[in-house]
Amino acid sequence: MQSQRATYVKKACAYITRNGSELLVFDGPSHDGLQIPKGTVEPGERPRVAVQREAVEESGLASFERLQHIATDVWTRRESPPKRYVRSFYHLPVHESRDHWVHTVTGTGEERGAEFEFSWVDLPTDATFALDLDDYIHSLTNPAEAATAGDVAAD
């Protein structure tokens with residue numbers, strides 16, 4: 001029996017916060033649970049550039065206070081055929097007065113034209129997130145944990 005070679009896909013994930021106490025989320029299509037803005041890192045693109053691009057395309061927000069790397073890990077999307085995501089998580093604080101809004105996804109990806117309805121959840125949260133996207137939310141309320149949480153490689 002021949003083993004299947006795993007596929008690795010680089011992903012950039014955005015923890016966008018407001019007032020240091022709320023996290024931006026949406027209930028995306030075809031997944032059970034809340035999501036955060038995220039997407040695939042394009043060939044030749046750095047994850048820190050990809051996370052800003054994905055945040056703009058998926059949420060419509062374009063002005064962030066700063067960008068802080070939280071963690072990079074390898075997450076198993078499926079076992080057969082093996083597919084792994086190399087996920088880079090970033091914290092992007094923002095000043096935003098809207099409590100909720102609908103944004104039509106821009107860019108060139110397969111979600112282009114989809115409408116995502118955004119809102120904020122209080123931190124810490126025990127909400128259910130799709131794709132284990134909540135793995136590093138705890139570091140938003142405890143920044144000391146961010147320095148060692150799941151780091152695989154710097155970007």
Side-chain angles (χ1 to χ4, degrees), residues 6-31 33-78 82-98 100-121 123 125 129-155:
T7 299
Y8 289 86
V9 179
K10 291 182 181 180
K11 296 288 185 174
C13 307
Y15 287 146
I16 300 173
T17 61
R18 159 173 97 167
N19 303 323
S21 63
E22 297 172 297
L23 177 67
L24 185 66
V25 297
F26 67 97
D27 194 3
S30 71
H31 291 293
L34 296 176
Q35 294 191 57
I36 57 172
K38 64 176 173 349
T40 302
V41 178
E42 300 296 332
E45 186 178 39
R46 294 188 60 187
R48 73 174 36 259
V49 172
V51 76
Q52 290 177 329
R53 176 183 51 75
E54 289 291 343
V56 171
E57 289 176 2
E58 291 192 359
S59 73
L61 298 174
S63 180
F64 306 102
E65 293 176 31
R66 66 184 179 283
L67 182 127
Q68 176 191 7
H69 180 252
I70 299 288
T72 298
D73 68 9
V74 177
W75 183 80
T76 301
R77 175 69 170 124
R78 69 173 180 247
K83 186 173 188 176
R84 314 276 189 265
Y85 287 168
V86 179
R87 306 181 305 172
S88 295
F89 287 84
Y90 292 87
H91 180 203
L92 293 83
V94 66
H95 291 290
E96 177 57 49
S97 60
R98 295 176 291 177
H100 53 84
W101 67 93
V102 174
H103 177 74
T104 303
V105 178
T106 62
T108 59
E110 61 188 49
E111 291 177 332
R112 178 186 172 96
E115 289 187 341
F116 293 163
E117 187 172 341
F118 286 91
S119 61
W120 302 93
V121 294
L123 292 170
T125 181
F129 282 76
L131 308 171
D132 294 332
L133 292 169
D134 56 333
D135 280 351
Y136 303 102
I137 287 176
H138 63 277
S139 66
L140 300 173
T141 55
N142 187 355
E145 292 182 31
T148 58
D151 277 341
V152 181
D155 61 336

**OP:** Write down the atom of Arg112, the atom of Gly107, and the distance for their closest heavy-atom approach.
**Re:** NH1-O, 2.5 Å

Original post:
What distance do Glu111 atom CD and Glu58 atom CD have between them, rounded to the nearest 0.5 Å?
Top reply: 5.0 Å

Original post:
Which pairs with one or both residues in residues 84-98 pass salt bridge (charged side-chain N to carboxylate O under 4.0 Å, His left out), sequence neighbours excluded?
Top reply: Asp73-Arg87, Arg87-Asp135, Glu96-Arg98

Original post:
When you measure from the side chain of Arg18 to the backbone N and O of Val94, does any donor-acceptor pair fall under 3.5 Å?
Top reply: no

Original post:
Of Ile70, Ile137, Leu140, which is the lone residue that meets side-chain contact (heavy atoms from CB on, under 4.5 Å) with Phe89?
Top reply: Ile70

**OP:** State, with a plain yes or no, whether a side-chain heavy atom of Phe26 is found less than 4.5 Å away from one of His103.
**Re:** no

Subject >> Leu23 and Phe129: CA distance, side-chain angles, deciding distance, side chain to side chain contact (heavy atoms under 4.5 Å, CB included) verdict >> reply: CA-CA 12 Å; Leu23 177 67; Phe129 282 76; 4.0 Å; yes

Original post:
Are the side chain of Gln35 and the backbone N or O of Ala130 linked by a donor-acceptor pair below 3.5 Å?
Top reply: no

**OP:** For residues Leu133 and Ile36, report the shortest heavy-atom separation together with the two atoms involved.
**Re:** CD1-N, 4.0 Å

**OP:** Could you label the plane-to-plane angle of the Tyr136 and His138 rings as parallel, tilted or perpendicular, counting under 30° as parallel and over 60° as perpendicular?
**Re:** tilted

Side chains of residues 59-66: which donor-acceptor pairs under 3.5 Å do they make with residues two or more places apart or in other chains?
{"unit_1": "Ser59", "atom_1": "OG", "unit_2": "Ala55", "atom_2": "O", "d": "2.5"}
{"unit_1": "Ser59", "atom_1": "OG", "unit_2": "Leu61", "atom_2": "N", "d": "3.1"}
{"unit_1": "Glu65", "atom_1": "OE2", "unit_2": "His95", "atom_2": "NE2", "d": "3.2"}

Original post:
If you take all heavy atoms of Gln52 and Leu67, which pair is closest and at what distance?
Top reply: CG-CD1, 3.5 Å

Subject >> Where Thr40 and Lys11 come nearest, the two heavy atoms and their spacing >> reply: OG1-NZ, 2.7 Å

**OP:** Show your reasoning for whether side chain to side chain contact (heavy atoms under 4.5 Å, CB included) applies to Glu54 and Val41.
**Re:** CA-CA 9 Å; Glu54 289 291 343; Val41 178; over 6 Å; no

Original post:
Which atoms form the tightest heavy-atom contact between Leu24 and Pro37, and what is the distance?
Top reply: O-CD, 4.4 Å

Subject >> Interatomic distance, Thr76 atom OG1 to Tyr85 atom OH [nearest 0.5 angstrom] >> reply: 11.0 Å

Subject >> CD (Glu117) with more than 12 external heavy atoms under 6.0 Å >> reply: no

Original post:
In this structure, are over 12 heavy atoms from other groups packed under 6.0 Å from Lys10 atom NZ?
Top reply: no

**OP:** Of all the heavy-atom pairs spanning Ala14 and Leu92, show the shortest one and how long it is.
**Re:** CB-CD1, 3.9 Å

